[in-house]
Amino acid sequence: MADKGGFAHYMLKEIFEQPQALRDTIAPRVSLEAGVVRLEDVHIGSEELRALRRINIVASGTSRHAGMAGQFMIQTLVGLPVDVDYASEFEYRNPLIGGSELTIVITQSGETADTTAAQREARAKGSRTIAISNVVGSTIAREADGVIYTQAGPEISIASTKAFTAQMAVLFLFAVYLGQERGNLGKDQVRGYIRELLALPGKLENMLRSAPDCERLADKYHQVQDFLFLGRAIHYPVAMDGALKLKEVSYVHAEGYPTGEAKHGPNALIDESLPVVIIATCDRDDSGSVLRYERNLANIKAFKQQSGRVIAIATTGDEEIRRLADQTIFVPATPELLLPILEIVPLQLFAYYMALRRGLDVDHPRNLVKSVTRE
Ligand code: BG6
């Protein structure tokens with residue numbers, strides 16, 4: 001698994017491995033017929049899961065962005081409050097946690113020093129911990145009470161891609177599992193979520209066909225030195241990770257921001273020299289999503305009036321956004337909570353092609369390492 005398999009770089013190979021990584025992460029844990037999610041290595045009984053009053057998610061880099069998406073998934077499906085923390089900040093926050101909180105640590109490598117320290121602090125304060133990791137037997141996985149492995153295969157490229165989408169799939173699985181164990185979700189609801197999860201790999205396969213469009217975007221924008229990435233609600237973490245990918249591999253300055261916050265400052269930056277990438281998808285079956293969509297539409301119109309350049313991520317068939325934005329990449333219709341797993345793919349590809357067009361070493365960006373094992 002750990003060679004390039006004919007791809008020019010590990011990053012591109014790992015982007016294209018995402019459908020299989022999702023299949024391997026989801027399939028062994030769901031039974032559509034029984035309407036059940038099974039997470040055998042969680043090792044926390046349903047009594048204890050029912051007694052939980054709060055969840056803390058702690059992680060670094062891209063893994064924290066997965067945690068931000070997981071916060072929406074768990075709060076929406078389970079009704080439990082969730083906090084998300086930078087692992088590197090956790091120790092300074094004097095976290096008020098104990099036996100009735102669960103700490104989820106998300107880490108591709110399972111060796112990140114900040115995240116290891118955060119897990120040890122949470123355990124010392126009496127919180128049970130669950131690790132979501134991509135490396136079997138890693139330090140953080142071994143020290144946790146329970147573990148849910150992403151089955152993404154070895155991720156070599158410093159910029160995390162397939163581990164990220166697999167982490168979000170695991171967080172959705174966990175949210176459904178919690179809802180099932182705590183009695184919030186009935187079997188038919190679980191079946192519905194399982195059906196949507198099982199449809200994801202095929203949809204992501206479709207997304208990969210947008211690679212040439214993303215390459216053309218990089219051709220058009222490769223000399224630009226600053227970008228603003230915007231997303232609302234569960235799409236904000238996607239904007240954050242799209243910006244991080246671009247920074248990591250192409251050294252272009254990019255900032256991820258909640259779309260609604262653009263009017264509190266970043267708007268002053270927006271003109272023809274600073275392109276805006278905006279996540280403007282819409283799940284028509286979700287009233288909150290429709291409301292956010294209408295606001296995104298108004299934002300795009302305003303940015304265009306400021307002579308801004310807009311790259312939109314929209315839902316397949318959305319002709320209005322195609323007309324309004326300068327460029328649009330489409331995502332197949334998907335339930336709101338699962339959209340981030342698809343929306344990030346064009347942003348991964350865009351960052352990859354931008355790095356390529358700028359003649360950089362995509363798999364080994366300067367000053368970065370795959371796992372920061374010391375403070
Ligand atoms: C950084 C990596 O060093 O660490 C990122 O470059 C990663 O890709 C972050 O998201 C956290 O690493 P891990 O292994 O704890 O998920």
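No experiment lies behind these values; they were computed from the predicted model shown. Residues: numbered from 1 along the sequence shown. Just follow the structure's listing: the first ligand is 1, and inside any ligand the first atom is 1.
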If only atom types and distance count, is the side chain of K263 paired as donor or acceptor with the main-chain N or O of N299 below 3.5 Å?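 A pair under 3.5 Å: no.
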
Give me the one residue out of K304, Q306, R309 that meets side-chain contact (heavy atoms from CB on, under 4.5 Å) with I270.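 That would be Q306.
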
By number and element, which atoms of ligand 1 are closer than 4.0 Å to a non-hydrogen atom of [X]?
| X | result |
| --- | --- |
| G61 | 10 (O) |
| S160 | 8 (O) |
| V369 | 2 (C), 3 (O), 6 (O) |
| T112 | 12 (O), 13 (P), 14 (O), 15 (O) |

Residues forming a side chain to side chain contact (heavy atoms under 4.5 Å, CB included) with L368, sequence neighbours excluded: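 Side chain to side chain contact (heavy atoms under 4.5 Å, CB included) list for L368, sorted by chain: I158, E248, P365.
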
Could you find the nearest protein heavy atom to [atom] and give me its residue, atom name and distance?
| atom | result |
| --- | --- |
| atom 4 (O) of ligand 1 | K370 O, 4.1 Å |
| atom 16 (O) of ligand 1 | S63 OG, 2.6 Å |
| atom 11 (C) of ligand 1 | S60 O, 3.5 Å |

Any N or O on [X] sitting closer than 3.5 Å to an N or O of ligand 1?
| X | value |
| --- | --- |
| S371 | no |
| V372 | no |
| T115 | no |
| I158 | yes |
| T62 | yes |

Side-chain donor-acceptor pairs under 3.5 Å in residues 337-349, sequence neighbours left out?
unit_1	atom_1	unit_2	atom_2	d
E343	OE1	H235	ND1	2.9
E343	OE2	H235	ND1	2.9
E343	OE2	T281	OG1	2.6
Q348	OE1	Q18	NE2	2.8
Q348	NE2	Q18	OE1	3.2

Charged N-O contact under 4.0 Å between E205 and R23: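 Salt bridge: yes.
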
Can you confirm if the NZ or CZ of K4 lies within 45° of the ring axis of Y10 and under 6.0 Å from the centre of its six-membered ring?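 Yes; both conditions hold, so K4 lies above the ring face of Y10.
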
Can you check whether V290 reaches C282 side chain to side chain, under 4.5 Å on heavy atoms?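 Answer yes - side chains close enough.
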
Nearest 0.5 angstrom please: L208 CG to I15 CD1, how far?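 So the CG of L208 and the CD1 of I15 are separated by 8.5 Å.
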
